[in-house]
Amino acid sequence: MNNNIVILNFHGIGNPPRNASQGEKDVWAKERLFIDCIDFVASKTNMVVTFDDGNISDYSIAFPMLQKYEITGYFFVIAGLIDKKGYCSQKDLREMRKHGMIIGNHGMGHKSWRGLSDEEYAVELH
C-alpha cells in the first residue's frame with residue numbers, strides 16, 4: 001500500500017492582477033493548467049491542494065473549482081495583505097472557511113523567517 005501524500009501548491013492562477021515581480025510571475029499557473037490539475041486531483045485520495053500568499057485568484061478561480069469537486073483546499077495567506085488590491089479580503093476568507101476550506105498563516109509580510117530578530121519574528125507570527 002502506498003501511503004505517500006502528494007502536495008500540489010499554487011501561488012496564483014491566471015494573470016497576476018497587480019504589478020508582480022518576475023519571480024512571482026514565474027510561479028503563477030495558467031488557468032487551463034489549474035483546471036486540468038484539479039480535474040486530475042478529484043479522482044485521487046492521496047493529494048492535497050495548497051495555495052500560498054492569499055492572491056485573489058484563490059477566491060475567484062480556485063475556490064469555485066474546489067467546491068465543484070468537493071476538494072478541501074489549504075490557503076496560507078499573508079496576513080498583512082488581506083483586503084489589499086489583488087489579494088483576498090476578510091469576507092472572501094470567511095466565505096471560504098464557511099465552506100470547509102482551511103485558512104492558515106503565511107506570515108505578516110512574506111519575509112523569510114531565517115535570520116529575523118525576535119521582534120520581527122513576533123510580528124510575522126502574531
Side-chain angles (χ1 to χ4, degrees):
M1 176 196 260
N2 184 348
N3 292 325
N4 292 332
I5 299 292
V6 176
I7 300 171
L8 186 59
N9 178 257
F10 293 94
H11 284 83
I13 305 156
N15 295 317
R18 62 192 186 289
N19 190 13
S21 69
Q22 187 58 49
E24 185 176 356
K25 289 178 185 177
D26 289 343
V27 297
W28 277 60
K30 299 219 178 291
E31 189 169 351
R32 179 77 251 164
L33 174 64
F34 173 74
I35 291 168
D36 290 345
C37 288
I38 297 303
D39 285 339
F40 178 78
V41 168
S43 66
K44 306 297 179 194
T45 58
N46 68 329
M47 296 189 82
V48 175
V49 184
T50 70
F51 302 84
D52 282 355
D53 302 340
N55 291 295
I56 192 60
S57 63
D58 293 356
Y59 181 75
S60 63
I61 299 171
F63 177 49
M65 282 295 296
L66 296 173
Q67 283 187 294
K68 175 181 175 183
Y69 287 103
E70 298 180 350
I71 297 170
T72 299
Y74 293 75
F75 296 85
F76 298 96
V77 301
I78 300 169
L81 297 177
I82 296 170
D83 290 324
K84 303 284 187 208
K85 183 177 174 147
Y87 292 92
C88 291
S89 68
Q90 292 180 52
K91 181 181 174 202
D92 299 339
L93 297 170
R94 284 188 187 108
E95 180 75 10
M96 291 164 56
R97 180 67 193 120
K98 177 179 159 187
H99 291 280
M101 302 300 136
I102 307 300
I103 309 300
N105 178 23
H106 196 43
M108 179 60 75
H110 204 249
K111 294 181 179 180
S112 173
W113 293 0
R114 293 184 202 148
L116 292 180
S117 68
D118 289 345
E119 294 79 22
E120 292 169 319
Y121 187 71
V123 168
E124 281 298 300
L125 290 180
H126 302 287

Spatial distance of atom CG (N9) from atom OG1 (T50) [nearest 0.5 Å]
3.5 Å
What distance do D53 atom CG and I78 atom CD1 have between them, rounded to the nearest 0.5 Å?
4.0 Å
Side chains of I102 and R97 in contact at under 4.5 Å (non-hydrogen atoms):
yes
Distance check, rounded to the nearest 0.5 Å: I103 atom CD1 versus Y74 atom OH?
11.5 Å
Reported CE-to-CD distance for the pair M101 and Q67, which is rounded to 0.5 angstrom:
5.5 Å
Are F51 and I13 close enough, and set up right, to give a side-chain contact (heavy atoms from CB on, under 4.5 Å), and what steps lead you there?
CA-CA 10 Å; F51 302 84; I13 305 156; 4.0 Å; yes
Side chains of V48 and V6: does their closest heavy-atom pair fall under 4.5 Å?
no
Do V49 and F10 have side-chain heavy atoms sitting under 4.5 Å apart?
yes
Is there a donor-acceptor pair under 3.5 Å between the side chain of N55 and the backbone N or O of H11?
yes
If the condition is ring pair (Phe, Tyr, Trp, His ring centres under 6.0 Å), which residues does Y59 pass it with, not counting sequence neighbours?
F63
Could you check whether any side-chain N or O of D83 sits under 3.5 Å from a backbone N or O of Q90, counting only pairs where one atom can act as donor and the other as acceptor?
yes
Heavy-atom distance under 4.5 Å between the side chains of T72 and L66, does that happen here?
no
Does any part of the side chain of I61, heavy atoms only, come nearer than 4.5 Å to the side chain of E31, both counted from C-beta?
yes
Pairwise side-chain contact, S57 with W28, heavy-atom cut-off 4.5 Å (strictly under):
yes
Nearest heavy atoms of A29 and L33, plus distance in Å:
CB-CD2, 4.3 Å
If you look at every heavy atom in M96 and D58, which pair is closest and at what distance?
CE-O, 4.4 Å
Please list, one pair per line, the donor and acceptor atoms closer than 3.5 Å that link side chains of residues 35-43 to other protein atoms, with sequence neighbours excluded.
residue: D36; atom: OD1; partner: R32; partner atom: NE; Å: 3.2
residue: D36; atom: OD1; partner: R32; partner atom: NH2; Å: 2.9
residue: D39; atom: OD1; partner: Y69; partner atom: OH; Å: 2.2
residue: S43; atom: OG; partner: F40; partner atom: O; Å: 3.0

Should D92 and I56 count as side-chain neighbours, where that means a heavy-atom distance under 4.5 Å?
yes
